[in-house]
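Single-structure report; data block below.
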Amino acid sequence: MVPSRTKLTDVQSWPVDLAAALGLAEGGTEVSPFWISSSLGQIARLWPLILLAKLCTFALLHASLFQGSVAYTLILTAMLLIDGVVMIAPKGGRFQQQRPHVQKWLMLALMFLSSFTFGLLLEPAANPGGVPNGLLAEILVAILVVCIFGDRRLLGACYFLGTLCASMLQQAPFAQTGLLFICLAGMMIATLRQARADRDRAIALHQQDLRAQRSDRLLQEYEQSGHGWFWETDRHGCLTYISDTLVSTLDGMPQGGMIGRRLTDLIGNGDHQHGTGERTVGFHLSARTGFSEIAVRAAMTQDERWWSISGQPVFNEYGQFHGFRGSGADLTAMRRSQAEVQRLAQFDSLTGLPNRVQVLRSLEEAVAGPQGMGASECTLMMLDLDRFKSVNDTLGHPAGDALLRQVSQRLLEVAGNRGLVGRQGGDEFKILLPGHHDRRSMEQLARAIIASLSRPYSIEGTVVVIGASIGISVCPQDGVTADALIRNADLALYAAKGDGRGVHRFYSSEMHADAEDRRQMEEDLRHALASDALHLVYQPVVSSQTERITGYEALLRWNHPVRGAISPAVFVPIAEESGLIAPLGEWVLRTACRDATQWVDDIRVAVNVSPIQFANPGLPALVMSALANSQLAPERLELEITESVFLNDDDGTDATFARLKAIGVRLALDDFGTGYSSLGYLKKAPFDKIKIDQSFVRGAAVKGNRNSAIIKAIVSLAEALGMDTTAEGAETQDELALIRQLGCSHIQGYVYGRPLTAEDVLERQRSHGTLALAEGFQSSRPERKTMLRTVNVLHDGHSYTARIRNISATGAMIEGLWNVPEGTIFAIEFSESLSVNATSRWSLDDRMGVEFAAPIDLAALGAHSRSLAC
């Protein structure tokens, strides 16, 4: 504790000068006058009493009236006792602080000794010079008291005695004068020693006060910053101090209003730890034990606030309990932050739906059942948005986020009251339906979800339409663990995407077999790539004007040792999903360039580039390496790129186009019109050729087909942009004639032959040069579907049983009837409710071709057949 201080105005200025004269400010140590005055101020207040006692004693010593009498001795003894009490009464001596119980008896003994000495010295018969001896005895007693107790408050008495001794020198004998000087010297030495001790003590107190002031400032700044607050209670637990910063949060209550109230009133019912078993603040206060960082809830605030309180009991030097003193801190922000972190750990920050962690936990609980017995009934739906990536790429990620929020709202409206709707991540969602649900209700819910999510959305003023595919797994039929249900629902979702998207599929064991088959095919593809089991074939690209081969398109083929020939449409998507497309594409590019160097110099080779390959910034370097290793001229290499590369249209796409054109290779836009069709990219992408997809070429020559108009429009666009055109998939002579008529510059298809191996290409060039010969059927036929089905053939009132092999919208092939004359008219009965009239056009043995009297709808016929099967 900082000692009480005397104001500077309460002390005369001369004690400061006296302290300076005695050396209190020596040694280069800076001591403020305030502290010096405070040290000597208490002495100054005692001097009047000391001076009065000395004057009375001096007067009695010189009074001849009582000299030599017993009364004189008693009065002198009484005055000496008063003088001693006045000198000893002020507290603060070094000895008194260390030995308070010894000091009391020592004072009594000293006073008794002094009185006895005076009685002997002042006897007139024993010592005629009693007055000087009495004065000498008084001086000795004063010096003795100062030396024993060393109290700075007795300095005044010492200075007074020194003045008194000086005034008596002229009347004292030489021996007494010498003894007086010796006593006075001893007194001065003791005084200087005490003065030096007072100086050191003043400096220490000054430094202690500076530290106290600095501590006070730091504590005040700490309180004002709001990081914490302090409190103090008495022995009854009532507040004697509390920080203003805390009081300001207690509904505007002033600090004085909290003084005297119990500390536990601040925390009320919040004084506990939920489930931790820790002792409360009230327990520690009653047990008088220290506590640290106990979290409590504030009871005198309108909003919910949490504090962390620490405290220690306070005891005096005698072990008496005085109360508690401690600090506190506001935990509200940390608690809210922890709650937000916990919320983010369980909920999706974008949509507010439960995230994958919470959905997985809920699924595990649903599978385990209420008693944890397992195999409880529940249903899991895995949902994936269709065409979401195109929206995200074209409109930007903020628009994609807004779309996801609208999707989540629709999901909650449709399925939220039936189960738990959560976001798996990206554009995938999960719906958990606890309990038993029949298949029909699940189908209805799935259709309702797909219908709701397929409705148009308004995103930043733009109308957006997407779809959804759903995979469903049921516990315990499809799995008895959360992992099994998720895996099987994902397989069902994959099947729904494979069936055209926008549909739902329930899990079946065949799906697992398909997934295992894909996994096995992926391993086989890795082995085939490593063992060089793949090969290339080359399909000719012919000029429509000269009917000469201008180039070949490299096509990848895989002859599986067990499965046989596998279509690229099957294994290329697997390669893209598994990451094999990069090494596979590199092998195709290098092999095609090497084979092309053996061809005629003006024949080009075309290589397909996957969108995944094109997105790799290292593609131009790979092209340069392949050309350099094979020594193939850059203009003889043509890279075919699909429209899907523009889904990620950014600066990287433009940079890749620029680097490829700088190399000198040709660029062709493959499958134009079947993907992300936008005329905007044709304006900036440096294509040399547009390839018209075979879906527009096939059937274009059929009367009434509109594909020819589309082909004509594409050709006109390419000519306006200075690009060549290649029509893919030409198979018949009438399609070839139509393509030439529409102005396509190049033709590619089976009409000029099937793809050839590298050796066959060289053999054909040696035998026929670059001349191409048209082959194939004369005209196109409508699309046919393979159908093996038993039907009834009605003719002239008779019914014959036959089988349909192939069927189209205009006719079919029927077997089972022998030698039917051409032109015979009869009715074909598919069922009791569906029949069609037909005419025989040819017959061979038990087979005949028939023409329907009117075109039929193959889709409706297939749906009718499935309904009959059900």
Side-chain angles (χ1 to χ4, degrees), residues 389-390 393 426 494 497 515 517-538 552-560 566-597 605-630 632 634 636-671 675-676 685 687 691 758:
K389 188 175 186 302
S390 62
D393 293 334
Y494 187 85
K497 292 180 180 180
D517 183 69
R518 289 177 59 85
R519 187 195 63 80
Q520 185 62 46
M521 187 175 294
E522 177 184 338
E523 292 184 3
D524 294 343
L525 183 58
R526 293 180 185 274
H527 179 72
L529 182 60
S531 59
D532 201 18
L534 303 172
H535 67 280
L536 296 179
V537 294
Y538 299 93
Y552 290 90
E553 180 182 0
L555 303 175
L556 183 61
R557 294 292 183 264
W558 180 21
N559 289 323
H560 194 276
I566 301 178
S567 171
V570 175
F571 67 82
V572 169
I574 297 177
E576 291 179 339
E577 294 177 2
S578 61
L580 291 174
I581 193 63
L584 190 62
E586 180 179 355
W587 179 85
V588 171
L589 178 63
R590 294 185 182 276
T591 303
C593 291
R594 185 180 65 249
D595 292 343
T597 55
V605 61
V607 178
N608 290 278
V609 176
S610 168
I612 299 178
Q613 288 180 271
F614 191 84
N616 186 357
L619 176 63
L622 175 62
V623 172
M624 292 181 62
S625 176
L627 292 174
N629 292 337
S630 62
L632 182 68
R636 294 183 59 191
L637 176 61
E638 187 172 85
L639 301 179
E640 296 187 0
I641 304 169
T642 60
E643 296 168 319
S644 57
V645 300
F646 296 99
L647 292 178
N648 294 324
D649 191 9
D650 51 18
D651 295 339
T653 302
D654 297 337
T656 301
F657 274 120
R659 293 175 62 188
L660 291 175
K661 290 303 295 182
I663 296 174
V665 301
R666 289 171 55 88
L667 299 177
L669 180 59
D670 196 12
D671 301 335
Y676 172 64
F687 288 112
K691 300 190 71 173

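If you're wondering where the values come from, they're calculated on a predicted model, not measured in any experiment. Just the heavy atoms: all of them, side chains too, but no hydrogens, waters or symmetry mates, feed the values below.
Put simply, the side chain of Leu622 does not reach to within 4.5 Å of the side chain of Asn616, judged on heavy atoms. Taking 4.5 Å as the limit, every side-chain heavy atom of Arg659 sits out of range of all side-chain heavy atoms of Val623. Between Trp587 and Leu536 the shortest side-chain heavy-atom distance falls below 4.5 Å. Between Leu589 and Leu637, some side-chain heavy-atom pair lies under the 4.5 Å cut-off. Under the 4.5 Å side-chain criterion, counting only non-hydrogen atoms from C-beta, Thr591 is not in contact with Leu534.
Pro620 and Ile663 get closest at one heavy-atom pair: O-CD1, 3.5 Å. Here the closest heavy-atom approach between residue Val605 and residue Tyr538 is recorded as CG2-CE2, 4.2 Å. Heavy atoms only, all atoms of each residue included: Ile612 and Ile581 are closest at CG2-CG2, 3.8 Å. Between Arg557 and Val537, the shortest heavy-atom contact is CG-CG2, 3.7 Å. Minimum heavy-atom separation, Ala626 to Ser630: O-OG, 2.8 Å.
Side chain to side chain, Thr597 and Arg636 fail the donor-acceptor criterion of an N or O pair below 3.5 Å. The closest side-chain donor-acceptor pair between Asp595 and Tyr552, if any, does not fall under 3.5 angstrom.
Residues passing the ring-ring contact (aromatic ring centres under 6.0 Å, His included) test with His527, sequence neighbours excluded: none. Residues forming a salt bridge (charged side-chain N to carboxylate O under 4.0 Å, His left out) with Arg526 (at least two apart in sequence, or on another chain): Glu522.
Aromatic ring pairs are classed by plane angle as parallel below 30°, tilted from 30° to 60° and perpendicular above 60°; the pair Phe614 and Phe657 is tilted.
Between Glu553 and Lys691, at least one side-chain nitrogen of the basic residue sits less than 4.0 Å from a carboxylate oxygen of the acidic one, meeting the salt-bridge criterion.
Every pair passing salt bridge (charged side-chain N to carboxylate O under 4.0 Å, His left out) that includes a residue from residues 571-581 is listed here, sequence neighbours excluded: Arg518-Glu577.
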